[in-house]
J.: 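Okay, handing you the structure first.
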Amino acid sequence: MAQSVTPRSEDYSRWYTDVVQMAELADYAPVKGCMVIRPYGYALWEAIKEGLDRRFKATGHQNAYFPLFIPESFIKKEAEHVEGFSPELAVVTHGGGKELAEPLIVRPTSETIINAMFAKWIQSWRDLPMLINQWCNVVRWEMRTRLFLRTTEFLWQEGHTCHATAEEAQEETLRMLDVYADFAENDAAIPVIKGRKSDTEKFAGAVRSYAIEAMMGDRRALQAGTSHFLGQNFARAFGTQFLDKDNELKYVWQTSWGVSTRMVGAVVMVHGDDQGLILPPRLAPIQAVIVPIWKSDEDRYSVLPVARQVLAQLEGAGIRARLDDREEVSPGFKFNDWEMRGVPVRVEIGPRDVEKGQAVLARRDMLGREGKSFVPQEGLESRVAKLLATIQKDLFARALRFREENTYQPRSYAELLEVVERGFARAYWCGSPECEARVKEEGKATTRCIPFDQPDEPGACAVCGKRAEEVAIFARAY
RNA sequence: CGGGGCGUAGCGCAGUCCGGUAGCGCGCAGCGUUUGGGACGCUGAUGUCGGAGGUUCGAGUCCUCUCGCCCCGACCA
């Protein structure tokens, strides 16, 4: 940890890779495109998991687990689905030393195998809605990979639900998008734009896809979660039918929705700075770190007990705290070390503080003098708790301001192309794939979503000038 | 798959043109001094020089083949 990371202004993607590795979130695995999530990174993922899982349970979902292997024939049952995924499938052809009668696909997502089970379990309208989620790993053979953002194997959750009517399924699709947005904004402090995906950007096999889109520190877009209205596409392919109240056999209406370890990458890129990670307090594995400072042994004996006492105070208040009592590194080193790891609050306690019965609080999101305050040891835990809440709020506000400052409303095509190089473009779009393709070709930007939040008036498509009912977010994306 | 680059200590690199006993920085280990913003000194450990074959008295260096990785262009959470 002797060096610092590549500055963001110099090379953003190197900054990202540096931070991920130096903060010990993840490391490259021996297998190309794969990563090892290290304990600190996994703790962050666990916090994300807990935040989401709590919300899934609160909205009536249950966790289950479906197998890693999917018969090849299953994938092929839904035409659009196969086409979308076949280039990136990992296929198992041998097992137990013999060639398999039917190759097995390592799941890229589980719609097919889950539907095979749903078809068995669902008989009656009384079995609906079926609200299932699973936490698992999936594999997609990606060409260009990046830690957390795009890896060959990644962790995620995939929700799969069945409903009696299209309306209910549609409601569920939007409910889960709201759950994602709520998590992103309140726990991860990441402002997101909720919207519908264009046809070219939607999930292979879905009728409609929705997403939450966030702006990263380099002004590029990242899809942080998606929710799909699947209609009856998979139900028809797998014969997932139920006998309705009117005694008619009907296909179920379905949804699926997912958030992956990519969310970790989003947290890094939305909040981080040149010192390293900045973690939102709600997700931070360590919310406050105590750094004791001493010069002599004598100091040490007076400082350490106080530091331990403060640790107990913080833990007693439910704050995830840690005392860094390492003796082999200097306080300055520790400051930088914990800043790299993004710990929101640092508590410094030295001989002078012990004398005065105080401690120094330092905010990770405000470096230097500006972010420091001198507070009494008494009642420290409530001050830290309050400070954590403030930091949580401030991180969100800062990210929101950044996104707004870098969002443009271009009126001409030339302006759209220009603006897309430095941020999000909110532009009228006629909805034609041709216009979308042209922006992708000439501006390297795609439609991220058609936001729910729309202007009152129709306008002219920023690309072709024809009448456009809606605006879309155009941006360069991860 | 097309274009560019790189494989030498845990990491980052020099050495390769011009063959002659494998080096630097960081990290690591031991000891001592240090500690309010990345401490310092001394001592020490660590290498199939990506792999195979060849040329040569002698190859990290020259030749042939091979493997792997990274970066840039067509897909995706």
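Owing to the predicted nature of the structure, the values given are computational and were not obtained by experimental measurement. Each chain gets a letter, A, B and so on, in the order its sequence line appears, and its residues count up from 1.
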J.: When rounded to the nearest Å, what value does the distance between P atoms of B:rG32 and B:rG38 take?
T.: 24 Å
J.: Could you give the CD-to-P distance, from A:Glu80 to B:rC76, as a whole number of Å?
T.: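 Result: 11 Å.
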J.: How close or far is atom P of B:rA77 from atom CZ of A:Arg150, stated in whole angstroms?
T.: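 Rounded to the whole Å, the gap is 9 Å.
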J.: Assert yes or no for the condition that the ring centre distance of A:Trp257 to A:Phe56 is strictly below 6.0 Å.
T.: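 Ring-ring flag for A:Trp257/A:Phe56: true, centres closer than 6.0 Å.
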J.: I'd like to know if A:Arg364 and A:Glu339 make a salt bridge, using a cut-off of under 4.0 Å between side-chain N and carboxylate O.
T.: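 Judged by the 4.0 Å cut-off on N to carboxylate O distance, A:Arg364 and A:Glu339 do not form a salt bridge.
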J.: A:Glu24 CD to B:rG10 P: how many Å, rounded?
T.: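 Interatomic distance, CD of A:Glu24 to P of B:rG10: 18 Å.
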J.: Any side-chain donor-acceptor pair under 3.5 Å between A:Arg208 and A:Tyr210?
T.: yes
J.: What does B:rC17 pair with, Watson-Crick or G-U, if both distances are under 3.5 Å?
T.: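 Its partner is none (no Watson-Crick or G-U wobble pair with both distances under 3.5 Å).
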J.: In the structure shown, which nucleotide is the Watson-Crick or G-U wobble counterpart of B:rG38, with both distances under 3.5 Å?
T.: none
J.: Using the C1' atom as the reference point in each nucleotide, state the distance between B:rC49 and B:rC13 in Å, no decimals.
T.: 13 Å
J.: Without decimals, in angstroms, what is the distance between A:Lys202 NZ and B:rC75 C1'?
T.: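 Answer to the nearest Å: 16 Å.
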J.: Name the nucleic acid region contacted by A:Thr446, choosing base, sugar-phosphate or nothing; use a 4.0 angstrom heavy-atom cut-off, strictly under.
T.: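 Since no nucleic acid heavy atom lies under 4.0 Å of A:Thr446, the category is nothing.
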J.: Using the benzene-type ring in the case of Trp, are the ring centres of A:Phe118 and A:His160 under 6.0 Å apart?
T.: no
J.: How far, in whole Å, is B:rG60 from B:rU21 if one measures between their P atoms?
T.: 10 Å
J.: Heavy atoms only, 4.0 Å cut-off, all strands: where does A:Leu149 land among base, sugar-phosphate and nothing?
T.: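 Here A:Leu149 touches the bases of the nucleic acid.
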J.: Could you tell me how far apart A:Arg476 (CZ) and B:rC72 (P) are, to the nearest whole angstrom?
T.: 14 Å
J.: Can you check side-chain contact (heavy atoms from CB on, under 4.5 Å) on A:Leu104 and A:Val91, steps first, answer last?
T.: CA-CA 6 Å; A:Leu104 296 172; A:Val91 184; over 6 Å; no
J.: Suppose you measure atom C1' in B:rU34 against the same atom in B:rA39; what distance do you get, rounded to whole Å?
T.: 6 Å
J.: Suppose we define a pair by two distances each less than 3.5 Å, Watson-Crick or G-U wobble; what does B:rG2 pair with here?
T.: B:rC72
J.: Take A:Gly33 and A:Thr261, find for each the nucleotide of RNA chain B with the closest heavy atom, and name the residue whose nucleotide sits nearer the 5' end.
T.: A:Gly33
J.: At under 4.0 Å between heavy atoms, what does A:Glu348 touch on the DNA or RNA strands: base, sugar-phosphate, or nothing?
T.: base
J.: Looking at B:rA52, which nucleotide sits across from it as a Watson-Crick or G-U wobble partner, both distances under 3.5 angstrom, or is there none?
T.: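 Across all strands, the one nucleotide that pairs with B:rA52 is B:rU64.
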J.: Could you state the CD-C1' distance from A:Glu327 to B:rU35, rounded to the nearest angstrom?
T.: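 Checked: the CD to C1' distance equals 11 Å.
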J.: Can you classify the ring geometry of A:His228 versus A:Phe203 as parallel (below 30°), tilted (30 to 60°) or perpendicular (above 60°)?
T.: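 Parallel, since the angle between the ring planes stays under 30°.
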J.: Measure from CD on A:Glu328 to P on B:rG41 and round the result to the nearest Å.
T.: 19 Å
J.: Going by purine N1 to pyrimidine N3 plus the second Watson-Crick contact, or the G-U wobble pair, all under 3.5 Å, which nucleotide sits opposite B:rA22?
T.: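 Checking every strand shown, B:rA22 finds no partner, since no pair has both distances under 3.5 Å.
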J.: Which is more 5' along RNA chain B, the nucleotide nearest A:Thr145 or the one nearest A:Phe148? Just name the residue.
T.: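 The answer here is A:Thr145.
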J.: Of the listed nucleotides (B:rG36, B:rG38, B:rC75), which one gets closest to any side-chain atom of A:Lys440?
T.: B:rC75
J.: Distance criterion of 3.5 Å, no angle test: do you see the side chain of A:Asp337 paired donor-to-acceptor with the base of B:rG38?
T.: no
J.: Parallel, tilted or perpendicular: which describes the rings of A:Phe238 and A:Phe74, with under 30° parallel and over 60° perpendicular?
T.: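 The rings of A:Phe238 and A:Phe74 stand perpendicular, inter-plane angle above 60°.
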J.: Would A:Phe335 count as stacking on B:rG38 if stacking means ring centres less than 5.5 angstrom apart and planes tilted under 30 degrees?
T.: no
J.: Tell me if the side-chain of A:Ser260 makes a donor-acceptor pair with the base of B:rA77, cut-off 3.5 Å, by modelled atom types.
T.: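 Indeed there is one.
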J.: Identify which nucleotide among B:rU35, B:rG36, B:rA77 has an atom closest to any side-chain atom of A:Glu142, counting heavy atoms from C-beta outward.
T.: B:rA77
J.: Pick base, sugar-phosphate or nothing for A:Val360, based on heavy-atom distances below 4.0 Å to the nucleic acid.
T.: base
J.: Under a 3.5 Å cutoff, is there a donor and acceptor pairing between the side chains of A:Arg282 and A:Gln287?
T.: no
J.: Taking the same atom, C1', in B:rU48 and in B:rU8, what whole-Å distance lies between them?
T.: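 So the two C1' atoms sit 12 Å from each other.
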J.: Would you classify A:Asp353 as touching base, sugar-phosphate or nothing, given that sugar-phosphate means primed atoms plus P, OP1 and OP2, and contacts are heavy atoms under 4.0 Å?
T.: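 Answer is base: heavy atoms of A:Asp353 come under 4.0 Å of a base.
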J.: Classify the side chain of A:Arg140 versus the base of B:rC76 as yes if they form a donor-acceptor pair under 3.5 Å and no if they do not.
T.: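 Under the 3.5 Å cut-off, the side chain and the base do not form any donor-acceptor pair.
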J.: Touch check for A:Lys372, heavy atoms < 4.0 angstrom, all strands: base, sugar-phosphate only, or nothing?
T.: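 The residue A:Lys372 makes base contact.
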J.: Whom does B:rC28 pair with, Watson-Crick or G-U wobble, provided both distances fall under 3.5 Å?
T.: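 B:rG44 - that is the nucleotide pairing with B:rC28, both distances being under 3.5 Å.
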J.: Quick one: label A:Gly350 by what it contacts on the DNA or RNA (base, sugar-phosphate, nothing), any heavy atom closer than 4.0 Å.
T.: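 Since a base atom lies under 4.0 Å of A:Gly350, the category is base.
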J.: Mind checking the C1' distance from B:rC75 to B:rA52? Whole angstroms is fine.
T.: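 Here B:rC75 and B:rA52 have their C1' atoms 37 Å from each other.
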J.: Of the options B:rG38, B:rG36, B:rA77, whose atoms approach the side-chain atoms of A:Phe203 most closely?
T.: B:rA77
J.: Measuring from the side chain of A:Phe333 (C-beta onward, heavy atoms only), which nucleotide among B:rG38, B:rC76, B:rG36 has the closest atom?
T.: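 Within the option list, the nearest is B:rG38.
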J.: Mind checking the P distance from B:rC11 to B:rC28? Whole angstroms is fine.
T.: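 Looking at atom P only, B:rC11 and B:rC28 are 15 Å apart.
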J.: Would you indicate what A:Pro108 reaches in the nucleic acid, counting non-hydrogen atoms under 4.0 angstrom: base, sugar-phosphate, or nothing?
T.: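 Result for A:Pro108 = nothing.
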J.: Where the side chain of A:Arg262 is concerned, which of B:rG36, B:rG37, B:rC76 is the nearest nucleotide?
T.: B:rC76
J.: For B:rG54 versus B:rC70, give the span between their C1' atoms, rounded off to a whole number of Å.
T.: 30 Å
J.: Out of B:rU35, B:rA39, B:rA77, which nucleotide sits closest to the side chain of A:Gln223?
T.: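 Closest nucleotide among those given: B:rA77.
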J.: Is there a donor-acceptor contact under 3.5 Å linking the side chains of A:His61 and A:Gln157?
T.: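 Judged by distance alone, the side chains do not pair up.
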J.: If you look at every strand shown and take non-hydrogen atoms under 4.0 Å, does A:Arg300 touch a base, only sugar-phosphate, or nothing?
T.: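 The residue A:Arg300 makes no contact with any strand.
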J.: Does A:Lys197 place a side-chain N or O at less than 4.0 Å from the phosphate oxygens OP1/OP2 of B:rC76?
T.: no
J.: Can a donor-acceptor pair under 3.5 Å be found between the side-chain atoms of A:Arg346 and the base atoms of B:rG37?
T.: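 A donor-acceptor contact between them is present.
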